[in-house]
Amino acid sequence: MNYQYKKEFRHHLVDWFNREKRDLPWRRTSDPYKIWVSEVMLQQTRVDTVIPYYNRFLEKYPTMQSLAYAPQEELLKMWEGLGYYSRARNLQAGVKEVVEKYNAVVPDNRHDLSKLKGIGPYTAGAILSIAYNKPEHAVDGNVMRVLSRVLHIEDDIALPKTRKVFEEAVDMLIDEEHPGDFNQAIMDLGAMICTPTSPKCLLCPVRDYCIAFHEGDTEQLPLKSKKTKTKKVKYEVYVAVDEQGNYLLEKRPSEGLLANMWQFPMIELTKDVAKDTFEKQYNVHIKKYVNKDLLKFKHIFSHLTWEMECILVQVKQLEHLPDNVHFYSIEKIKELPMPVMMLKILNVLN
DNA sequence: AAGACGGGGAA
DNA sequence: TTCCCAGTCTT
């Protein structure tokens, strides 16, 4: 690709961006911290989903100091419903490190930035190009889709090593004068024009430079192999209430799926009786089955499916409860961070 | 390289 | 259903 060609491509792309770009909250600031927050929230998450979370989050944590020392329970509550909760914990750890090690100045180079928790190659490039105007690549799903079509790259984007191919492509094409605009322009193009299915090529500012458009195979790109195979697990969920009307809640372990989030006790439904396991594990006695069919639903994660059968039981507490298990009033429960499938259960209780 | 890690919107 | 979303971390 010759110099003139690249120059025209860049200008068409950036000019289009300056005409058509969406007015998003994180585009009204140049504060690296706020850009950072937005980029973490946007990982595997749609813009429309992020906007209200972003606004609430920065209202609560306007500075890195305010986030660095916030209680994790409160932090997770702010993230509740957004998913991938380790993002919140990693963001806080990263921000804390910047406050303490870098005197609250977000690093402006890829080497230091990449060492921070939750900042991978994409997020580092996004912060550097958008907040610091550095000519750094920021390759996400949009960029791979757009450039696989424009340059007709047929590498399998499901393979980790393919990311490097696109990083080199961006390094070749990037507008050194407006790197932030260039990176965001490709992402906006991917979101609005160069969509996964039925791309709007007639509205595309760079269709003259797009090989796939000329070949007529935009819909075949990008190439992606991996298939998703999800396991299925059945659970009996015990919504257990005591004489005072308090409900039995459990805090999940600090690592793994939905770490540190709260839930109603759930017992994996295998061949044996869940009742005995529940009573023994939580040290309670079921006095009465109030509703054996409180709620039934599926919850689908990216890698597994939970089939939930929720029953309402009245219980009496025996001796002491295990750690991480408590009886709480409805009002108190509403202050705890809970995954969405537990919020669904909470909703049918009143 | 492959799997874990949420939740929702669109086809 | 299936795919994908402004990906990162762990093994």
Side-chain angles (χ1 to χ4, degrees), chain A residues 17 21-22 24-27 35-54 76 79-91 93-94 113-131 137-146 156-164 166-167 170 180 182-192 194-199 219 222 224-231 252-253 255-261 263 297-306 337-344:
Chain A
F17 178 70
K21 64 181 167 191
R22 293 168 289 180
L24 303 171
W26 45 90
R27 287 184 175 163
I35 306 289
W36 182 1
V37 170
S38 75
E39 290 302 338
V40 171
M41 287 187 170
L42 286 161
Q43 290 167 7
Q44 296 293 285
T45 311
R46 291 190 155 69
V47 165
D48 292 337
T49 305
V50 166
I51 291 174
Y53 282 91
Y54 173 85
L76 286 175
W79 210 270
E80 182 183 80
L82 198 51
Y84 285 142
Y85 299 96
S86 65
R87 288 184 295 176
R89 292 181 295 138
N90 288 337
L91 174 61
L113 219 39
S114 299
K115 283 197 268 189
L116 299 172
K117 288 279 196 327
I119 298 192
Y122 164 76
T123 305
I127 293 172
L128 290 170
S129 62
I130 298 170
H137 56 72
V139 173
D140 69 340
N142 283 315
V143 173
M144 290 199 283
R145 182 174 58 257
V146 170
D156 182 357
I157 66 166
L159 300 178
K161 63 173 180 181
T162 301
R163 198 191 71 233
K164 192 159 63 72
F166 288 93
E167 288 173 348
V170 173
F182 179 87
N183 283 338
Q184 293 182 88
I186 299 194
M187 293 191 263
D188 262 25
L189 193 67
M192 301 192 287
C194 198
T195 47
T197 57
S198 43
E219 295 265 22
K224 187 172 186 180
S225 62
K226 258 183 234 167
K227 300 284 180 273
T228 50
K229 45 183 191 294
T230 63
K231 285 169 290 189
R252 293 178 62 86
E255 293 191 350
L257 185 61
L258 304 171
N260 288 339
M261 305 286 279
Q263 66 181 17
F297 64 95
K298 272 188 213 174
H299 187 82
I300 302 166
F301 298 92
S302 42
H303 60 301
L304 59 93
T305 298
W306 283 359
M338 299 177 82
V340 164
M341 95 282 295
M342 292 295 157
L343 295 174
K344 287 180 191 166

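Keep in mind that the numbers below use all heavy atoms, side chains included, and drop hydrogens, waters and symmetry copies. So that the names make sense, note that chain A is the first sequence line, chain B the second, and so on, each numbered from 1. Remember, it's a predicted structure, so these values are computed and weren't measured experimentally.
- Applying the side chain to side chain donor-acceptor pair (under 3.5 Å) test to S86(A) and every residue at least two apart in sequence or in another chain returns nothing.
- Straight-line distance between the P atoms of dC3(C) and dG3(B): roughly 15 Å, to the nearest whole Å.
- At most 12 heavy atoms of other shown residues, nucleotides or ligands fall within 6.0 angstrom of atom NZ in K117(A).
- To the nearest whole angstrom, the two C1' atoms, one in dC5(B) and one in dC4(C), are 15 Å apart.
- Within residues 184-191 of chain A, the residues approaching DNA chain C are M187(A), by heavy-atom distance under 4.0 Å.
- Residue T123(A) is classed as a sugar-phosphate contact, given heavy-atom separations below 4.0 Å to backbone atoms only.
- Heavy atoms of V47(A) sit under 4.0 angstrom from at least one base atom.
- Take Q43(A) and apply the side chain to side chain donor-acceptor pair (under 3.5 Å) test, not counting sequence neighbours, and it matches T123(A).
- Between chain A and DNA chain C, the heavy-atom contact criterion of under 4.0 Å yields a 5' to 3' nucleotide range of dC3(C) to dC9(C).
- By the ring-ring contact (aromatic ring centres under 6.0 Å, His included) test, Y54(A) is found to be paired with W26(A), residues two or more places apart in sequence or in another chain being considered.
- If R22(A) and S114(A) are placed on DNA chain C by their nearest nucleotide, the residue sitting closer to the 5' end is R22(A).
- W79(A) comes within 4.0 angstrom of no nucleic acid atom, judged by non-hydrogen atoms across all strands.
- Listed by chain and residue number, nothing satisfies the side chain to side chain donor-acceptor pair (under 3.5 Å) test with S38(A) (two or more places apart in sequence, or in another chain).
- The separation of dA10(B) from dA6(C), taken at their P atoms, amounts to 12 Å, rounded to a whole angstrom.
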Quiz item: Which parts of nucleotides 1-8 of chain B does protein reach within less than 4.0 Å, heavy atoms only, written one letter per nucleotide 5' to 3' as B for base, S for sugar-phosphate only and - for none?
Solution: SSSSBBBB
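- For R87(A), there are no salt bridge (charged side-chain N to carboxylate O under 4.0 Å, His left out) partners, not counting sequence neighbours.
- Legend: residues meeting side chain to side chain contact (heavy atoms under 4.5 Å, CB included) with S198(A), ordered by chain and number and at least two apart, are E219(A).
- E80(A) meets the side chain to side chain contact (heavy atoms under 4.5 Å, CB included) test with K77(A), M338(A), L343(A); sequence neighbours excluded.
- Other residues, nucleotides and ligands place no more than 12 heavy atoms under 6.0 Å from the NZ atom of K164(A).
- Taking the P atom of each, dT11(C) and dG6(B) are spaced 15 Å apart, rounded to whole Å.
- A126(A) pairs by the side chain to side chain contact (heavy atoms under 4.5 Å, CB included) definition with E39(A), Y122(A), I130(A), A138(A), not counting sequence neighbours.
- The side chain to side chain donor-acceptor pair (under 3.5 Å) check on R22(A) picks up D188(A), with sequence neighbours excluded.
- Comparing L116(A) and N142(A) against DNA chain C, the residue whose closest nucleotide sits nearer the 5' end is N142(A).
- Across the protein-nucleic acid pair, R145(A) atom CZ and dA10(B) atom C1' stand 13 Å apart, rounded to whole Å.
- Residue-level contact check: R89(A) touches neither bases nor backbone, having no heavy atom under 4.0 Å from any strand.
- Note that CG of L257(A) and CG of L304(A) are 6.5 Å apart. Values are rounded to the nearest 0.5 Å.
- Residue-level contact check: R27(A) touches the bases, meaning some heavy atom is under 4.0 Å from a base atom.
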